[in-house]
Amino acid sequence: MIDVLRAALRLPSAKIAVGILIVIAFLAIFGPLVAPFDPYAQNSKDLLQGPTLEHWLGTDDLGRDVFSRLLAGSTVSVLAAMQSVVVGLVLGALPGLLSVYLGRTFEWITLRIMDSFITLPFLVFAIAMTALLGNGLTQAMVAVGILIAPAFYRVTRAAALTVSHSQYVEAAQLFGATTAWVVRKHVWKKVFPAIAVTTASMTGASLVIVSSLTFLGIGIVPPEPTWGGLLATDLGNLYQRPFGPVVPALVIIGTVWALNALADALKDATTDAGAPPVSKQKRRELQAVPHGA
Amino acid sequence: MVRDDILSVTGLRVVTRDGDPLVHDVSLAVERGGALGIVGESGSGKSLTCRSILGILPPGLRVDAGTVTFDGIDLTGLDYRSWQGLRGNRISAVFQDPASYLNPSITVGKQLSEVLRVKTGLSRRAAHARSLELFEQMGLREPAHVYRQYPFELSGGMLQRVLIAIALSADPELLIADEATTALDVTVQAEVLDLLEDLRRDRGLTLILVSHDLAVVSQICDHVVVMRDGVVVESGTADDVLKRPQHEYTRSLIEHHTAYGIEKFLAEEVLDV
Amino acid sequence: MSELLEVDGVEVSYGRGRAERRILHGVSLSLAAGESVGLIGETGSGKTTLARTILGLTRLTAGSVRFDGETVSGLGARALRSFRRSGRLQYVFQDPLQSLDPDVTVRDSIGEGLRIRGGLTAPDVATRAEAALASVGLPADLLGRVPGQLSGGQRQRVAIARALALQPRLLLLDEPVSALDAANRIQVLDLLRTLGTDQGIAKLFISHDLGSVAGVTDRIAVLFRGDIVEVGSTRDIIARPQHPYTRLLVGSATTLTGGGVDRERRRELRQALADHG
């Protein structure tokens, strides 16, 4: 597992991505502490200011410091994204792994459930969930977690299926190994990279969804700052602060890009990139075999 | 007596993009109507040598030095158009996995007639008749039935015969068989080798047989080249190489058979089959 | 009875009703302790199915498999697992690249069976793994490597060591050298010829090629279209084959010297087989 990460980090894009993610993680943990102003403090004298030495990113329509709100919003946005990924992992990866080993009935039921999850429209489902369970970030994120569960389910299941049909698993079974042994000693190592790739890209995806939802005002109670919420406020005051949405948008885009770049690097590290493209060689060989068209 | 070589390779060197040589100073020659065997493990450079002769080296590899002369034509300097006139027409090849060279959704007969129409300009009707004839010559029983079958309906041995029929459609002078019998059962392998030997006798087809198995090659070849790590370690007539191997590697190949093959029993018994 | 393995009238079919296909039509075969037997058959003859049936990986529809006097066919999951954990019957796959987990070190691969069986301390497992590796002629410094860092011949010897670590009474070897190149083949065959003769380990070699197992077997059984058509001493099978298929098989074996069977004779043998069935 560690060598996969090490191989992935050899790529420059992965290095940049990890750098960005470290900064974001830092902001999420310490952001509220290092914020120069109270993110909730209103100031009716300095409404809708541009960037100044005092307010680096200016102030919003209630005179709150945008930079401080951005830092404070990091915690909520990142935690929300992680919440939904954890829900997705538990509801997706776990049944995906078990579907290979717990018999046909379990396999059939989980497959049907995942199929029905896929058909749910993202935003509508999240809105319906918050309408049903009350408007709160946790409710919204559970909804998002359910929606991304099929991705985890399919990836885990596919990886586990491949391994479970391998000869080394059969060899272990011929030694009298139990299913638990096979999963622990053989399957887990092969499934982990696939889950890691999906986790990285799904964190990115759910960050976008969190931002979209909070942008729409779902899952968040107004004074609380989030990246999506900031974007919404800034878009509302575009005339006064035309540059306003740029920074929150860049933060969202940068984080999502970093997560996707990391996912790509992990994927490259797990699939053998050194092998020559077979189809190309086959095409060349075909030239030596007479053919029609 | 002067040898009439249809193909000669001298000092062939194949290198990677970084200049690492994979095939080193390989020289060999095949007499018109002769059969040459190239023996070696995977990675010995035997397949790269063949692919250089066919001008189909894998991407990233190139011929760096040496000449390949086919019937007086230098193949190393050939352009694409000239290759098209040569490959499949005068030089043809069959490889290990026949199914991957056929279109799975078209009947094998149709694929052969298509080739015949393109390569020899036969009419639809004539191509059909010629296909049945070729299938029959390849030892396929009930050619009319085989003609209508899809690749997945045929066994590996039958598919390889179809491929050989296609390879021979334009009546080439040289056929290169690269591990063409490796994936087949022993009895089917013998059938295909017998077929190649028949074709050589009846049509004067020149053969280059590439295999990892010295016994397969010695079955029909009169000359043998043994390769290892991109270098020719031994070459000569099949008789010389088998009876008086000079290189230790050749000796180990022979030992494998004498120690563990049925040769062990041949020394003491006359087979009653 | 001194028979170690007794396969008695084993039938295996796949599918049901009209789609039913019988793979094995009542195969019987027995093996004494310490014996080395070859099972020869072409693609689709049922030799892999027979091996899987003996191992309890495929269900038989009739007949029985007895090992050391115990019926091992039709066991329940628990009983089968406990029989497997005894380690008395071991299987060596054709391609070690697939049968060894690419992420697991040689030490852990060889020790896996022992650890699954349980009852040994970790140092004991390590000692046994080392001893098993030494018994296939490999140095102890390979223990920390993964399969990708070994040559093909070394890999197959590790796979054999893995089987030997459990001190089996019977080794089932499925084309053990066909994935190897010539130099490695000799190494592995040299090993297999002498292996276990002092411990009385029986060996069943499964192969499509008579030539590749002739030098390491006492007896040979020929499987053809789901039936064993001939059993005899290796010498008799090669020099005096009786069944038309065996005759063609011997006549088709590629040899350095041609074996005295020419194309014309082979053609007759093929015809004889076609007329036979």
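In the text below, chain A, chain B and the rest are named by the order of the sequence lines, each starting its count at 1. Because the structure is a prediction, the values reported are computed rather than measured.
Contact annotation: the side chain of C/L180 never approaches that of B/E41 to less than 4.5 Å [non-hydrogen atoms, C-beta and beyond]. No side-chain heavy atom of C/V213 sits under 4.5 Å from any side-chain heavy atom of B/Y260. A heavy-atom distance below 4.5 Å is found between the side chains of C/H208 and B/V186. Using a 4.5 Å cut-off on side-chain heavy atoms (C-beta onward), B/L193 and C/T254 make contact. Using a 4.5 Å heavy-atom threshold, the side chains of C/L189 and B/H256 count as touching. Looking at C/R263 and B/Q219, their side chains never come closer than 4.5 Å, going by heavy atoms from C-beta outward.
Between C/R185 and B/D213, no side-chain nitrogen of the basic residue sits less than 4.0 Å from a carboxylate oxygen of the acidic one, so the salt-bridge criterion is not met.
Closest of all the heavy-atom pairs between C/R247 and B/D272 is NH1-O, 4.4 Å.
Interface remark: C/L269 contributes side-chain atoms only to the contact with chain B (heavy atom separation under 4.5 Å). Of the atoms belonging to B/L214, heavy atoms from both backbone and side chain fall under 4.5 Å from chain C. Only the side chain of B/Q189 comes within contact range of chain C, with at least one heavy atom under 4.5 Å from a heavy atom of that chain.
Between chain C and the residues B/K264, B/E255, B/K243, B/E197, the most heavy-atom pairs under 4.5 angstrom are made by B/E197. The most heavy-atom pairs under 4.5 Å with chain B, out of C/A214, C/P244, C/S212, C/G44, come from C/A214.
Between the CZ atom of B/F265 and the CG atom of C/L210 there is a distance of 9.0 Å, given to the nearest 0.5 Å. The structure places NE2 of B/H257 at 5.0 Å from CG of C/L256, a figure rounded to the nearest 0.5 Å. Note that the OG1 atom of C/T43 and the CG atom of B/D185 stand 3.0 Å from one another [nearest 0.5 Å]. Expressed to the nearest 0.5 Å, how far CZ of C/R266 lies from CG of B/D194 amounts to 4.0 Å. For the atom pair CD1 (B/I262) and OG1 (C/T234), the distance works out to 11.5 Å, reported to the nearest 0.5 Å.
Heavy-atom neighbours of B/R244 CZ from other residues, nucleotides or ligands within 6.0 Å: above the threshold of 12. Counting heavy atoms of neighbouring residues, nucleotides and ligands inside a 6.0 Å radius, atom CD of B/E136 does not exceed 12 of them. Counting non-hydrogen atoms of neighbouring residues, nucleotides and ligands closer than 6.0 angstrom, the CD atom of B/E248 reaches no more than 12 such neighbours. No more than 12 heavy atoms of other residues, nucleotides or ligands sit less than 6.0 Å from atom CZ of C/R225.
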